[in-house]
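Below is one structure, written out as C-alpha coordinates, with a few remarks after it.
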Amino acid sequence: MSPTSLMDPQGLTMQDPLPSEVHSVETIERPPSRISNRAKPMVFHPLSIHVVALLVPASIFGTLARLGLTALARYQGNSIFPLAYAQGLGCLIMGFAVGLKDPFSTFYPPLFTAVTTGFCGSLTTFSGWQVDIFDSWINAGQYYHGGLRNFLDGLGKSVFTLSISLASVSFGMQLAAAVRPYLPAIPPPPRLLRYAITIISILFYGAVFPIFFVMDSSYRHQATAALLFASPGTITRYLLSVHLNTMLNSMPLGTFSANMIGTALLGGFNVLQKKVVPVSSYACGVLQGLNDGYCGCLTTVSTFAVEIRGLGFWKGSRYAVISWGVAQLLLLLILGPSLWTGHSRGQITCTFV
(Lines give C-alpha, C1' and ligand atoms only; values in the text may rest on other atoms or scores of the structure.)
Protein backbone atom coordinates (compact mmCIF):
# COMPACT_ATOMS: atom_id res chain seq x y z
CA MET A 1 0.00 0.00 0.00
CA SER A 2 1.44 3.32 -1.04
CA PRO A 3 2.30 5.81 1.74
CA THR A 4 0.25 8.41 -0.10
CA SER A 5 -2.93 6.34 0.05
CA LEU A 6 -5.85 8.04 1.80
CA MET A 7 -7.21 5.99 4.70
CA ASP A 8 -10.66 6.45 6.18
CA PRO A 9 -11.89 5.09 9.55
CA GLN A 10 -13.29 1.96 7.89
CA GLY A 11 -9.85 0.84 6.78
CA LEU A 12 -10.55 1.68 3.15
CA THR A 13 -8.32 3.46 0.68
CA MET A 14 -9.30 5.27 -2.45
CA GLN A 15 -6.43 4.38 -4.74
CA ASP A 16 -5.88 1.81 -7.47
CA PRO A 17 -3.16 -0.79 -6.85
CA LEU A 18 -0.77 -1.94 -9.47
CA PRO A 19 -2.26 -4.69 -11.66
CA SER A 20 0.69 -6.93 -10.77
CA GLU A 21 -0.55 -7.06 -7.17
CA VAL A 22 -3.68 -8.94 -8.08
CA HIS A 23 -2.22 -12.37 -8.67
CA SER A 24 1.23 -12.12 -7.07
CA VAL A 25 2.38 -14.90 -4.77
CA GLU A 26 3.31 -12.45 -2.03
CA THR A 27 -0.20 -10.98 -1.81
CA ILE A 28 -2.27 -14.10 -2.41
CA GLU A 29 -3.86 -14.01 1.06
CA ARG A 30 -4.63 -10.28 1.04
CA PRO A 31 -8.04 -8.96 0.03
CA PRO A 32 -8.11 -8.14 -3.70
CA SER A 33 -8.49 -4.58 -4.85
CA ARG A 34 -11.50 -3.66 -6.90
CA ILE A 35 -10.12 -2.75 -10.30
CA SER A 36 -12.54 -0.98 -12.58
CA ASN A 37 -12.83 2.01 -14.84
CA ARG A 38 -14.27 4.16 -12.08
CA ALA A 39 -12.02 6.91 -10.77
CA LYS A 40 -12.03 5.93 -7.10
CA PRO A 41 -12.58 2.22 -6.53
CA MET A 42 -12.85 1.01 -2.94
CA VAL A 43 -9.84 -0.89 -1.59
CA PHE A 44 -9.69 -2.66 1.77
CA HIS A 45 -6.54 -2.43 3.83
CA PRO A 46 -5.19 -5.93 4.67
CA LEU A 47 -5.61 -5.21 8.41
CA SER A 48 -9.05 -3.64 8.12
CA ILE A 49 -11.49 -4.87 10.78
CA HIS A 50 -13.81 -6.01 7.96
CA VAL A 51 -11.07 -8.31 6.64
CA VAL A 52 -9.78 -9.71 9.93
CA ALA A 53 -13.20 -10.25 11.51
CA LEU A 54 -14.47 -12.32 8.58
CA LEU A 55 -11.60 -14.76 9.14
CA VAL A 56 -13.29 -15.89 12.38
CA PRO A 57 -16.36 -17.74 11.02
CA ALA A 58 -14.40 -18.90 7.98
CA SER A 59 -11.76 -20.57 10.16
CA ILE A 60 -14.42 -22.15 12.39
CA PHE A 61 -16.25 -23.69 9.43
CA GLY A 62 -12.96 -24.76 7.84
CA THR A 63 -11.88 -26.52 11.03
CA LEU A 64 -15.22 -28.28 11.37
CA ALA A 65 -15.03 -29.41 7.75
CA ARG A 66 -11.50 -30.78 8.24
CA LEU A 67 -12.39 -32.64 11.42
CA GLY A 68 -15.56 -34.02 9.87
CA LEU A 69 -13.90 -35.18 6.66
CA THR A 70 -11.00 -36.74 8.53
CA ALA A 71 -13.32 -38.61 10.91
CA LEU A 72 -15.47 -39.79 8.01
CA ALA A 73 -12.43 -41.08 6.11
CA ARG A 74 -10.97 -42.95 9.10
CA TYR A 75 -12.20 -46.54 8.82
CA GLN A 76 -10.73 -50.01 8.49
CA GLY A 77 -9.69 -50.88 4.97
CA ASN A 78 -9.50 -47.29 3.75
CA SER A 79 -7.60 -46.95 0.49
CA ILE A 80 -5.99 -43.58 1.26
CA PHE A 81 -4.86 -41.76 4.42
CA PRO A 82 -7.75 -39.75 5.93
CA LEU A 83 -6.15 -36.30 5.79
CA ALA A 84 -5.87 -36.47 1.98
CA TYR A 85 -9.56 -35.69 1.53
CA ALA A 86 -9.41 -32.42 3.47
CA GLN A 87 -6.20 -31.39 1.72
CA GLY A 88 -7.61 -32.11 -1.72
CA LEU A 89 -10.96 -30.40 -1.12
CA GLY A 90 -9.34 -27.35 0.46
CA CYS A 91 -6.94 -26.94 -2.45
CA LEU A 92 -9.77 -27.40 -4.98
CA ILE A 93 -11.79 -24.59 -3.37
CA MET A 94 -8.63 -22.50 -3.07
CA GLY A 95 -7.88 -22.81 -6.79
CA PHE A 96 -11.49 -21.97 -7.62
CA ALA A 97 -11.40 -18.86 -5.42
CA VAL A 98 -8.05 -17.69 -6.81
CA GLY A 99 -9.44 -18.08 -10.32
CA LEU A 100 -12.34 -15.82 -9.34
CA LYS A 101 -10.27 -13.18 -7.57
CA ASP A 102 -11.41 -10.39 -9.90
CA PRO A 103 -15.15 -11.12 -9.43
CA PHE A 104 -14.54 -11.21 -5.67
CA SER A 105 -12.88 -7.80 -5.93
CA THR A 106 -15.92 -6.26 -7.60
CA PHE A 107 -18.28 -7.65 -4.97
CA TYR A 108 -16.66 -7.71 -1.49
CA PRO A 109 -12.85 -8.13 -1.27
CA PRO A 110 -12.79 -9.37 2.38
CA LEU A 111 -14.84 -12.35 1.26
CA PHE A 112 -11.93 -13.51 -0.88
CA THR A 113 -9.59 -13.49 2.14
CA ALA A 114 -12.23 -15.27 4.21
CA VAL A 115 -12.59 -18.07 1.66
CA THR A 116 -8.86 -18.52 0.89
CA THR A 117 -7.03 -17.67 4.11
CA GLY A 118 -9.90 -18.45 6.46
CA PHE A 119 -11.81 -21.45 5.14
CA CYS A 120 -9.31 -23.16 2.82
CA GLY A 121 -6.34 -22.40 5.07
CA SER A 122 -8.16 -24.00 8.01
CA LEU A 123 -9.53 -26.92 6.01
CA THR A 124 -5.99 -27.88 5.01
CA THR A 125 -3.10 -28.30 7.43
CA PHE A 126 0.63 -28.44 6.88
CA SER A 127 1.56 -29.43 10.45
CA GLY A 128 -0.86 -32.37 10.54
CA TRP A 129 0.55 -33.57 7.22
CA GLN A 130 4.12 -33.40 8.51
CA VAL A 131 3.35 -35.20 11.80
CA ASP A 132 1.50 -37.87 9.81
CA ILE A 133 4.66 -38.39 7.73
CA PHE A 134 6.86 -38.53 10.82
CA ASP A 135 4.55 -41.08 12.44
CA SER A 136 5.01 -43.25 9.35
CA TRP A 137 8.83 -43.08 9.62
CA ILE A 138 8.72 -44.29 13.26
CA ASN A 139 5.79 -46.69 12.71
CA ALA A 140 3.78 -45.01 15.46
CA GLY A 141 0.88 -47.35 14.80
CA GLN A 142 3.13 -50.34 15.59
CA TYR A 143 2.17 -52.23 12.46
CA TYR A 144 3.84 -55.50 11.61
CA HIS A 145 6.19 -54.40 8.86
CA GLY A 146 9.80 -53.37 8.55
CA GLY A 147 11.72 -50.17 7.99
CA LEU A 148 11.46 -50.22 4.20
CA ARG A 149 7.66 -50.17 4.37
CA ASN A 150 7.80 -47.40 6.97
CA PHE A 151 9.89 -45.40 4.53
CA LEU A 152 7.50 -46.08 1.64
CA ASP A 153 4.54 -45.09 3.79
CA GLY A 154 6.11 -41.75 4.72
CA LEU A 155 7.29 -41.13 1.17
CA GLY A 156 3.83 -41.91 -0.19
CA LYS A 157 2.15 -39.46 2.18
CA SER A 158 4.69 -36.82 1.18
CA VAL A 159 4.42 -37.24 -2.58
CA PHE A 160 0.71 -37.98 -2.85
CA THR A 161 -0.38 -35.10 -0.61
CA LEU A 162 1.70 -32.65 -2.62
CA SER A 163 0.48 -34.12 -5.92
CA ILE A 164 -3.17 -34.10 -4.85
CA SER A 165 -2.86 -30.53 -3.59
CA LEU A 166 -1.23 -29.14 -6.74
CA ALA A 167 -3.62 -31.02 -9.01
CA SER A 168 -6.63 -29.81 -7.01
CA VAL A 169 -5.49 -26.17 -7.19
CA SER A 170 -5.06 -26.46 -10.98
CA PHE A 171 -8.44 -28.15 -11.41
CA GLY A 172 -10.10 -25.48 -9.26
CA MET A 173 -8.61 -22.74 -11.44
CA GLN A 174 -9.86 -24.50 -14.57
CA LEU A 175 -13.36 -24.71 -13.10
CA ALA A 176 -13.22 -21.00 -12.26
CA ALA A 177 -12.18 -20.16 -15.81
CA ALA A 178 -15.13 -22.17 -17.13
CA VAL A 179 -17.78 -20.44 -14.98
CA ARG A 180 -16.33 -16.92 -14.86
CA PRO A 181 -17.90 -15.72 -18.16
CA TYR A 182 -21.36 -16.67 -16.87
CA LEU A 183 -21.16 -14.99 -13.46
CA PRO A 184 -23.56 -12.07 -13.06
CA ALA A 185 -22.32 -8.74 -11.72
CA ILE A 186 -23.44 -8.50 -8.10
CA PRO A 187 -23.46 -5.05 -6.51
CA PRO A 188 -21.26 -4.61 -3.42
CA PRO A 189 -22.97 -4.76 -0.04
CA PRO A 190 -23.93 -1.36 1.40
CA ARG A 191 -22.07 0.10 4.36
CA LEU A 192 -24.67 -0.98 6.92
CA LEU A 193 -24.54 -4.59 5.73
CA ARG A 194 -20.73 -4.56 5.82
CA TYR A 195 -20.78 -3.52 9.46
CA ALA A 196 -23.45 -6.12 10.25
CA ILE A 197 -21.32 -8.87 8.68
CA THR A 198 -18.31 -7.71 10.68
CA ILE A 199 -20.21 -7.66 14.00
CA ILE A 200 -21.76 -11.08 13.39
CA SER A 201 -18.33 -12.47 12.50
CA ILE A 202 -16.89 -11.25 15.81
CA LEU A 203 -19.85 -12.71 17.72
CA PHE A 204 -19.06 -16.09 16.14
CA TYR A 205 -15.94 -16.30 18.26
CA GLY A 206 -17.85 -15.35 21.38
CA ALA A 207 -20.25 -18.22 20.67
CA VAL A 208 -17.55 -20.91 20.82
CA PHE A 209 -16.98 -20.33 24.55
CA PRO A 210 -20.47 -21.36 25.71
CA ILE A 211 -20.34 -24.21 23.20
CA PHE A 212 -17.12 -25.43 24.84
CA PHE A 213 -18.40 -25.18 28.41
CA VAL A 214 -22.08 -26.07 27.95
CA MET A 215 -21.90 -29.00 25.56
CA ASP A 216 -21.01 -32.42 26.87
CA SER A 217 -17.32 -32.72 27.72
CA SER A 218 -16.98 -35.72 25.40
CA TYR A 219 -17.19 -33.32 22.45
CA ARG A 220 -14.22 -31.23 23.58
CA HIS A 221 -11.45 -33.31 22.10
CA GLN A 222 -13.53 -34.01 19.00
CA ALA A 223 -14.40 -30.43 18.05
CA THR A 224 -15.30 -27.81 20.65
CA ALA A 225 -11.76 -27.35 22.02
CA ALA A 226 -10.44 -26.94 18.49
CA LEU A 227 -12.96 -24.17 17.80
CA LEU A 228 -11.53 -22.13 20.68
CA PHE A 229 -8.11 -22.00 19.04
CA ALA A 230 -9.03 -22.07 15.33
CA SER A 231 -9.51 -18.33 14.79
CA PRO A 232 -6.35 -17.27 16.69
CA GLY A 233 -4.35 -19.71 14.57
CA THR A 234 -5.76 -18.36 11.32
CA ILE A 235 -5.27 -14.73 12.32
CA THR A 236 -1.68 -15.45 13.38
CA ARG A 237 -0.97 -16.99 9.98
CA TYR A 238 -2.62 -14.08 8.20
CA LEU A 239 -0.59 -11.51 10.11
CA LEU A 240 2.63 -13.39 9.37
CA SER A 241 1.77 -13.52 5.66
CA VAL A 242 0.88 -9.82 5.49
CA HIS A 243 4.08 -8.69 7.21
CA LEU A 244 6.62 -11.24 5.94
CA ASN A 245 5.53 -12.60 2.55
CA THR A 246 6.90 -9.62 0.64
CA MET A 247 10.35 -9.73 2.26
CA LEU A 248 11.80 -12.36 -0.11
CA ASN A 249 11.09 -12.80 -3.80
CA SER A 250 12.27 -16.40 -3.81
CA MET A 251 10.08 -17.65 -0.94
CA PRO A 252 6.88 -16.49 0.82
CA LEU A 253 8.51 -16.07 4.22
CA GLY A 254 5.24 -15.51 6.08
CA THR A 255 3.65 -18.79 5.02
CA PHE A 256 6.93 -20.61 5.59
CA SER A 257 7.22 -19.18 9.12
CA ALA A 258 3.62 -20.05 9.96
CA ASN A 259 4.05 -23.62 8.74
CA MET A 260 7.31 -24.14 10.63
CA ILE A 261 6.07 -22.58 13.88
CA GLY A 262 2.85 -24.60 13.73
CA THR A 263 4.71 -27.83 13.00
CA ALA A 264 7.10 -27.25 15.92
CA LEU A 265 4.20 -26.49 18.27
CA LEU A 266 2.30 -29.57 17.12
CA GLY A 267 5.39 -31.68 17.78
CA GLY A 268 5.64 -30.26 21.30
CA PHE A 269 1.95 -30.86 22.03
CA ASN A 270 2.32 -34.42 20.76
CA VAL A 271 5.16 -35.01 23.22
CA LEU A 272 2.89 -33.92 26.08
CA GLN A 273 0.04 -36.13 24.89
CA LYS A 274 2.31 -39.15 24.56
CA LYS A 275 4.15 -38.95 27.87
CA VAL A 276 4.70 -42.21 29.71
CA VAL A 277 3.07 -40.57 32.73
CA PRO A 278 -0.09 -39.24 31.06
CA VAL A 279 -1.51 -35.78 31.63
CA SER A 280 -5.04 -35.30 32.98
CA SER A 281 -8.09 -35.91 30.83
CA TYR A 282 -8.92 -32.20 30.77
CA ALA A 283 -5.38 -31.28 29.71
CA CYS A 284 -5.46 -34.02 27.08
CA GLY A 285 -8.62 -32.52 25.54
CA VAL A 286 -7.19 -29.00 25.55
CA LEU A 287 -3.97 -30.25 23.92
CA GLN A 288 -6.05 -31.94 21.23
CA GLY A 289 -7.84 -28.64 20.68
CA LEU A 290 -4.49 -26.90 20.26
CA ASN A 291 -3.43 -29.61 17.81
CA ASP A 292 -6.55 -29.47 15.64
CA GLY A 293 -7.42 -25.82 16.19
CA TYR A 294 -4.41 -23.59 16.62
CA CYS A 295 -1.74 -25.67 14.85
CA GLY A 296 -4.19 -26.93 12.23
CA CYS A 297 -5.20 -23.36 11.32
CA LEU A 298 -1.79 -21.75 11.81
CA THR A 299 -0.44 -24.00 9.07
CA THR A 300 -1.85 -24.49 5.59
CA VAL A 301 -1.37 -26.63 2.51
CA SER A 302 -3.77 -24.73 0.23
CA THR A 303 -1.79 -21.46 0.23
CA PHE A 304 1.42 -23.49 0.18
CA ALA A 305 0.28 -25.25 -3.03
CA VAL A 306 -0.77 -21.99 -4.72
CA GLU A 307 2.58 -20.44 -3.84
CA ILE A 308 4.52 -23.41 -5.23
CA ARG A 309 2.53 -23.14 -8.45
CA GLY A 310 3.04 -19.38 -8.65
CA LEU A 311 6.78 -19.47 -8.05
CA GLY A 312 7.50 -21.58 -11.12
CA PHE A 313 9.16 -24.97 -11.33
CA TRP A 314 12.62 -24.32 -9.88
CA LYS A 315 11.73 -21.80 -7.19
CA GLY A 316 8.58 -23.72 -6.33
CA SER A 317 10.44 -27.03 -6.07
CA ARG A 318 13.06 -25.46 -3.84
CA TYR A 319 10.38 -23.92 -1.63
CA ALA A 320 8.58 -27.26 -1.30
CA VAL A 321 11.73 -29.24 -0.50
CA ILE A 322 12.97 -26.69 2.05
CA SER A 323 9.57 -26.55 3.77
CA TRP A 324 9.26 -30.34 3.90
CA GLY A 325 12.86 -30.84 5.04
CA VAL A 326 12.86 -28.18 7.77
CA ALA A 327 9.53 -29.43 9.12
CA GLN A 328 10.77 -33.02 9.36
CA LEU A 329 14.00 -31.84 10.99
CA LEU A 330 12.03 -29.87 13.59
CA LEU A 331 9.92 -32.92 14.40
CA LEU A 332 13.04 -35.05 14.66
CA LEU A 333 14.57 -32.61 17.15
CA ILE A 334 11.36 -32.25 19.18
CA LEU A 335 9.83 -35.73 19.12
CA GLY A 336 12.99 -37.79 18.68
CA PRO A 337 14.69 -37.27 22.07
CA SER A 338 11.55 -37.99 24.08
CA LEU A 339 10.94 -41.20 22.11
CA TRP A 340 14.52 -42.45 22.28
CA THR A 341 14.86 -41.76 26.01
CA GLY A 342 11.58 -43.53 26.75
CA HIS A 343 9.78 -40.47 28.11
CA SER A 344 7.02 -40.72 25.52
CA ARG A 345 5.31 -43.32 23.36
CA GLY A 346 4.50 -43.47 19.68
CA GLN A 347 0.78 -43.11 20.41
CA ILE A 348 -1.31 -40.92 22.72
CA THR A 349 -1.18 -42.18 26.30
CA CYS A 350 -3.61 -39.73 27.93
CA THR A 351 -7.35 -40.34 27.88
CA PHE A 352 -10.13 -37.97 26.90
CA VAL A 353 -13.16 -37.25 29.04
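Computed from a predicted model, the values in this text were never measured in an experiment. All values below come from the heavy atoms of this structure, side chains included, with hydrogens, waters and symmetry mates left out.
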Identify each donor-acceptor pair in which a side-chain atom of residues 310-323 lies under 3.5 Å from a protein atom, sequence neighbours left out, and give them as a table.
| residue | atom | partner | partner atom | Å |
| --- | --- | --- | --- | --- |
| S317 | OG | F313 | O | 2.6 |
| Y319 | OH | E307 | OE1 | 2.7 |
| S323 | OG | Y319 | O | 2.8 |

Between atom [atom1] of [X] and atom [atom2] of [Y], what is the distance when rounded to the nearest 0.5 Å?
| X | Y | atom1 | atom2 | result |
| --- | --- | --- | --- | --- |
| C91 | L123 | SG | CG | 8.5 Å |
| L339 | L332 | CG | CG | 10.0 Å |
| L240 | S257 | CG | OG | 6.0 Å |
| L100 | L175 | CG | CG | 9.5 Å |
| L111 | S105 | CG | OG | 11.5 Å |
| Q130 | L330 | CD | CG | 9.5 Å |

Side-chain hydrophobic cluster, 4.5 Å single linkage: members besides V276: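 Under the 4.5 Å side-chain rule, V276 groups with nothing.
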I want to know whether [X] and [Y] have ring centres closer than 6.0 Å.
| X | Y | value |
| --- | --- | --- |
| H50 | Y195 | yes |
| F61 | F119 | no |
| F229 | Y294 | no |
| F209 | Y205 | yes |

Can you tell me which residue pairs pass the side-chain hydrogen bond (donor to acceptor under 3.5 Å, both in side chains) test with a partner in [range], sequence neighbours excluded?
| range | answer |
| --- | --- |
| residues 118-128 | S122-T234, T124-T300, T124-S302, T125-S127, T125-T299, S127-T299 |
| residues 146-164 | W129-T161, D132-K157, S136-D153, S136-K157, H145-N150, S158-W324 |
| residues 169-181 | S170-R309 |
| residues 71-87 | none |

Do the non-hydrogen side-chain atoms of [X] and [Y] ever get within less than 4.5 Å of each other?
| X | Y | value |
| --- | --- | --- |
| L287 | V279 | yes |
| V271 | L335 | yes |
| C295 | F269 | yes |

Sequence-distant partners of S201, side-chain hydrogen bond (donor to acceptor under 3.5 Å, both in side chains), two or more places apart: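 Scan of S201 (side-chain hydrogen bond (donor to acceptor under 3.5 Å, both in side chains), adjacent residues dropped) gives none.
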Sidechain-backbone polar pair: S168 side chain, L92 backbone, donor-acceptor under 3.5 Å: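 Side chain of S168 to backbone of L92: no pair is present.
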Under 3.5 Å: donor-acceptor pair, side chain of R237, backbone of G262: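 Flag not set: sc R237 to bb G262 has no pair under 3.5 Å.
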Verdict with reasoning, S59 to S231, per side chain to side chain donor-acceptor pair (under 3.5 Å): CA-CA 6 Å; S59 61; S231 300; 3.1 Å; yes
Kindly write out the residues that satisfy side chain to side chain contact (heavy atoms under 4.5 Å, CB included) with [X], not counting sequence neighbours, or none if the list is empty.
| X | result |
| --- | --- |
| V51 | P31, F44, S48, P110, T113, Y238 |
| L193 | P189, P190, I197 |
| I202 | I49, A53, T198 |

Side-chain donor-acceptor contacts of residues 217-228 below 3.5 Å, not counting sequence neighbours, with atom names and distances?
| residue | atom | partner | partner atom | Å |
| --- | --- | --- | --- | --- |
| S218 | OG | D216 | OD1 | 2.6 |
| R220 | NE | F212 | O | 3.3 |
| H221 | ND1 | S218 | O | 3.3 |
| Q222 | NE2 | S218 | O | 2.8 |
| T224 | OG1 | Y219 | O | 3.4 |
| T224 | OG1 | R220 | N | 3.4 |

Indicate, with yes or no, if [Y] and [X] share a hydrophobic cluster defined by side-chain heavy-atom contacts under 4.5 Å among Ile, Leu, Val, Met, Phe, Trp and Tyr.
| X | Y | result |
| --- | --- | --- |
| F112 | L183 | yes |
| L331 | F81 | no |
| L203 | L54 | no |
| I133 | I164 | no |
| L248 | F304 | yes |

Evaluation steps, side-chain contact (heavy atoms from CB on, under 4.5 Å), between V326 and F256: CA-CA 10 Å; V326 173; F256 176 80; 4.3 Å; yes
Pair D102-T106, side-chain contact (heavy atoms from CB on, under 4.5 Å): steps then yes or no: CA-CA 7 Å; D102 288 341; T106 62; 5.9 Å; no
Residue I186 excluded, over 12 heavy atoms near CD1 under 6.0 Å: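 Atom CD1 in I186 is packed in, count exceeds 12.
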Quick one: closest heavy-atom pair of [X] and [Y], and the distance?
| X | Y | answer |
| --- | --- | --- |
| A97 | T116 | CB-CG2, 3.8 Å |
| I334 | G267 | CG2-C, 3.6 Å |
| C120 | G90 | SG-O, 3.5 Å |
| S165 | V301 | OG-CG1, 3.2 Å |
| T255 | N245 | N-OD1, 3.1 Å |
| P82 | T70 | CB-O, 3.7 Å |

List, one per line, each side-chain donor-acceptor pair under 3.5 Å for residues 345-353, sequence neighbours excluded.
| residue | atom | partner | partner atom | Å |
| --- | --- | --- | --- | --- |
| T349 | OG1 | Q273 | O | 3.3 |
| T349 | OG1 | K275 | O | 2.4 |
| T351 | OG1 | S281 | OG | 3.4 |

Residues L265, L290; criterion side-chain contact (heavy atoms from CB on, under 4.5 Å); working and verdict: CA-CA 9 Å; L265 287 174; L290 288 166; over 6 Å; no
Trace of the side-chain contact (heavy atoms from CB on, under 4.5 Å) decision for T246 with L253: CA-CA 8 Å; T246 55; L253 192 58; over 6 Å; no
